[in-house]
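This chain uses plain numbering: 1 for the first residue, then up along the sequence.
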Amino acid sequence: MTEDTRTERDERATSGAPSRRRSALLFIRDLVVIFLVAVLVSFLIKTFLIRSFFIPSQSMEATLMQDDRIIVNQLVPEVTPIEHGDVVVFKDPGGWLPARSEEARPPLVAVIDGFFAFVGLSAPDSNDHLVKRVVGLPGDHVVCCNALGQMTVNGVPLDEPYVALPPGETKVSRDDFDTTVPDDSLWVMGDNRYNSKDSRYNTGTPLEGFVPIENVVGRAVIVSWPISNWAWLDNYPEVFAGVDEGTG
């Protein structure tokens, strides 16, 4: 090999090293930009459109099972109005949930969970919220139970296929009630009617069991996890057909 050939090879090797370093740095830069954009988009979606919650109790079985994860449409009620039969997530109106102390967590776990919560992949505040089905809208007259064990809204009896009752029970509520929903409020009940601390059993709280519409975070639209429980969440419009034209 001549001296000129060796010199040319060495020059190519020397000039190629900086080029490879620049390519690697550009690749890392692009990855960082993509990651930051993904985080920003996730944050915006979580803040304005949808977010995830998990189900902390059995009160909505068998529609929702304990520890299910659900996707919530946060355009309800600001953009899309709440309807009869909607499954809604709402902040505790006051006195519905027992006081609980914060559990100590390792710092690394807290940081990771905080990040996932920021982008909407975790819901550490699920235990501060409740999930129920809307039965009464503002102005509705909600009564239970008639001679057939049904609930009525504005005089219209409801045939509720989503309700879970203990064996042998036909009444959709253990306890009778007769109430009219005030303005800007909701009357909500769990589908697991004999195991749900809902509007019926919070009449002793400051808001007498009613949920302010402003407390609603959004409407649950889908069970996202586990995959075996995946399902769209229906609001059963046929159940409430005629309620708006009812006698009250």
Could you walk me through whether S173 and R200 satisfy the side chain to side chain contact (heavy atoms under 4.5 Å, CB included) test, starting with their C-alpha distance in whole Å, then the side-chain angles of each, then the deciding distance to 0.1 Å, before giving a yes or no? CA-CA 9 Å; S173 174; R200 296 168 294 172; 3.0 Å; yes

For V72 and V221, what are the C-alpha separation, side-chain angles and deciding distance, and is it a side chain to side chain contact (heavy atoms under 4.5 Å, CB included)? CA-CA 6 Å; V72 175; V221 293; over 6 Å; no

Evaluate the criterion salt bridge (Lys or Arg N to Asp or Glu O under 4.0 Å) for residue pair E160 and R193; output intermediate values, then yes/no. CA-CA 11 Å; E160 303 177 278; R193 287 290 165 79; 2.9 Å; yes

So D191 and K132, salt bridge (Lys or Arg N to Asp or Glu O under 4.0 Å) or not? Walk me through it. CA-CA 8 Å; D191 289 355; K132 307 292 181 188; over 6 Å; no

Verdict with reasoning, D68 to F54, per side chain to side chain contact (heavy atoms under 4.5 Å, CB included): CA-CA 6 Å; D68 276 357; F54 72 85; over 6 Å; no

Could you check L137 against V181 for side chain to side chain contact (heavy atoms under 4.5 Å, CB included), going step by step and ending with a plain yes or no? CA-CA 6 Å; L137 294 175; V181 185; over 6 Å; no

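Smallest separation of non-hydrogen atoms from A220 and L233: CB-CD1, 3.5 Å. Residues R51 and Q74 approach most closely at CD-OE1, 3.3 Å, considering heavy atoms. For the pair P93 and P212, the tightest heavy-atom approach, listed with the atom from each and the gap, is CB-CD, 4.0 Å.
Counting heavy atoms from C-beta outward, S224 and I227 have side chains that stay 4.5 Å or more apart. Two residues are said to be in side-chain contact when any heavy atoms from C-beta on lie closer than 4.5 Å; V223 and L64 meet this criterion. L186 has its side chain within reach of I213: a pair of non-hydrogen atoms, C-beta onward, lies under 4.5 Å apart. Counting only heavy atoms from C-beta outward, the side chains of I70 and I222 never approach each other to under 4.5 Å. Using a 4.5 Å heavy-atom threshold, the side chains of V239 and P161 count as touching. In this structure the side chain of V188 never reaches within 4.5 angstrom of the side chain of F210, judged on heavy atoms.
Following chains of ILVMFWY side-chain contacts shorter than 4.5 Å, one cannot reach V143 starting from W187, and the two form parts of different hydrophobic clusters. Under the 4.5 Å side-chain contact rule for hydrophobic residues, M65 and W225 do not share a cluster. Y194 and Y201 are assigned to two separate hydrophobic clusters, defined by single-linkage of ILVMFWY side chains at heavy-atom distances under 4.5 Å. Under a hydrophobic clustering in which Ile, Leu, Val, Met, Phe, Trp and Tyr are joined whenever their side-chain heavy atoms come within less than 4.5 Å, directly or via other members, Y236 and V142 fall into the same cluster. When the side chains of ILVMFWY residues are joined at heavy-atom separations under 4.5 Å, either directly or via intervening members, M189 and L165 end up in a single hydrophobic cluster.
In this structure, OG1 in T203 is found 8.0 Å from CD in E208, a value given to the nearest 0.5 Å. In this structure, the separation between CG on L130 and CG on D198 is 10.0 Å, given to the nearest 0.5 Å. Atoms CG and NZ, on N146 and K171 in that order, are 10.0 Å from each other to the nearest 0.5 Å. Atom CG of L158 and atom NE2 of H84 lie 8.5 Å apart (nearest 0.5 Å). Distance check, rounded to the nearest 0.5 Å: CG of L97 to CG of D128 gives 7.5 Å. Going from atom CG of D67 over to atom CD of Q58 covers 9.5 Å, rounded to the nearest 0.5 Å.
Side-chain atoms of S185 come within 3.5 Å of backbone N or O of D183 as a donor-acceptor pair. No side-chain donor-acceptor contact under 3.5 Å links Q150 to the backbone of P157. Judged purely by atom type and a 3.5 angstrom limit, N202 has no side-chain atom pairing as donor or acceptor with the backbone of S199. Side-chain atoms of N154 come within 3.5 Å of backbone atoms of H141 as a donor-acceptor pair (strictly under, hydrogens ignored). With hydrogens and angles ignored, the 3.5 Å screen pairs no side-chain donor or acceptor of N195 with any backbone N or O of S59. Looking only at distances, a side-chain donor or acceptor of D86 sits under 3.5 Å from a matching main-chain atom of E83. Between the side chain of N73 and the backbone N or O of R219 there is no donor-acceptor pair closer than 3.5 Å. In this structure, the side chain of N215 engages the main chain of K91 through a donor-acceptor pair within 3.5 Å.
Other residues, nucleotides and ligands contribute over 12 non-hydrogen atoms within 6.0 Å of the CG atom of D176.
Stacking of R69 on the aromatic ring of F53 is not recorded, the 6.0 Å distance cut-off and the 45° axial limit not both being met.
Using bins of under 30°, 30° to 60° and over 60° for the plane-to-plane angle, the ring pair Y162/F240 lands in the parallel bin.
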